[in-house]
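Reckoned from all heavy atoms, side chains included, excluding hydrogens, waters and symmetry mates. Sequence positions, counted from 1, serve as the residue numbers for this chain.
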Amino acid sequence: QVQLVESGGGLVQAGGSLRLSCAASGIIFSIYHIDWYHQGPGKRRELVAGITSGGSTRYAGSVKGRFTISRDNAKNTVYLEMNSLKPEDTGVYYCNAAKDYSYWGQGTQVTVSS
């Protein structure tokens with residue numbers, strides 16, 4: 001059974017930082033491309049960062065320079081380091097693992113107060 005479990009969300013003031021984790025089980029984690037998505041209140045889910053199996057990264061323009069995605073294949077975990085948080089970063093953050101199939105976690109809530 002494949003599971004992706006996000007954690008690390010919470011309430012933070014603008015300008016603060018959080019580190020999200022996405023722990024995977026039931027897949028050969030190292031061969032999967034992992035993305036983080038953000039869904040703001042009343043908005044659709046949007047890609048914020050991704051990391052390939054080889055470690056190449058990509059970022060949405062809105063988070064470039066503020067967020068950093070990384071992976072630890074030994075721990076089957078991907079991280080999203082979020083700095084200089086803004087109120088518009090508020091929402092639920094989901095991780096997605098993709099190769100032949102695509103899997104989603106349940107999400108973790110991030111709230112940034114102004």
*Taking the side chain as C-beta and beyond, is there a heavy-atom pair between Trp36 and Tyr93 under 4.5 Å?*
yes
*Where is the tightest heavy-atom contact between Ala49 and Leu80, given as atom of each residue plus distance?*
CB-CD1, 4.0 Å
*Joint cluster assignment, Val110 & Val78, ILVMFWY side-chain distance < 4.5 Å*: yes
*So do Asp35 and Ile51 actually touch side chain to side chain, heavy atoms under 4.5 Å?*
no
_Determine whether Leu20 and Glu6 satisfy the following criterion, side-chain contact (heavy atoms from CB on, under 4.5 Å), listing intermediate values before the conclusion._
CA-CA 7 Å; Leu20 306 184; Glu6 300 96 333; over 6 Å; no
*Please round to the nearest 0.5 Å and tell me the distance separating atom OH of Tyr32 and atom SG of Cys95.*
13.0 Å
*Quick one: do Arg19 and Glu81 satisfy side-chain contact (heavy atoms from CB on, under 4.5 Å)? Show the steps, please.*
CA-CA 4 Å; Arg19 187 174 84 154; Glu81 186 76 34; 3.1 Å; yes
_For the residue pair Arg71 and Tyr79, would you count it as a cation-pi contact if the rule is NZ or CZ under 6.0 angstrom from the ring centre and within 45 degrees of the ring axis?_
no
_Contact summary for Thr108 and Gly9, nearest pair of heavy atoms_ = OG1-N, 3.1 Å
_Backbone N/O of Lys75 and side chain of Thr77: donor-acceptor pair under 3.5 Å_ = yes
_Sequence-distant partners of Ser17, side chain to side chain donor-acceptor pair (under 3.5 Å), two or more places apart_ = Asn83
*Answer yes or no: is there a side-chain heavy-atom contact under 4.5 Å between Arg45 and Tyr94?*
yes
*Donor-acceptor contact below 3.5 Å, side chain Arg66 vs main chain Ser62*: yes
*Please report the shortest heavy-atom distance between Val92 and Gln109, naming the atom on each side.*
CG2-OE1, 3.3 Å
*For Tyr59, which of Ile69, Leu47, Val48 qualifies under side-chain contact (heavy atoms from CB on, under 4.5 Å)?*
Ile69
*Taking side chain as C-beta onward, heavy atoms only, is Asp89 less than 4.5 Å from Met82?*
no
*Is the closest side-chain donor-acceptor distance between Asn96 and Ser102 under 3.5 Å?*
yes
*asked:* With rounding to the nearest 0.5 angstrom, report the OG to CD distance, Ser114 to Gln13.
replied: 9.5 Å
_Over all atoms of both residues, closest heavy-atom pair of Pro87 and Ala14_ = CD-CB, 4.2 Å
*Could you tell me whether the side chain of Trp104 reaches within less than 4.5 Å of the side chain of Leu4, counting heavy atoms only?*
no
*Roughly how far apart are Lys64 NZ and Arg58 CZ, rounded to 0.5 Å?*
11.0 Å
*So which heavy atom on Thr90 is nearest to which on Val112, and how close?*
OG1-N, 2.9 Å
*Are Phe67 and Leu85 close enough that some pair of their side-chain heavy atoms sits under 4.5 Å apart?*
yes
*Kindly compute the distance separating CG (Asn76) from CD1 (Ile28), expressed to the nearest 0.5 Å.*
10.5 Å
*Search all heavy atoms of Gln106 against all heavy atoms of Val5 and return the closest pair with its distance.*
OE1-CA, 3.8 Å
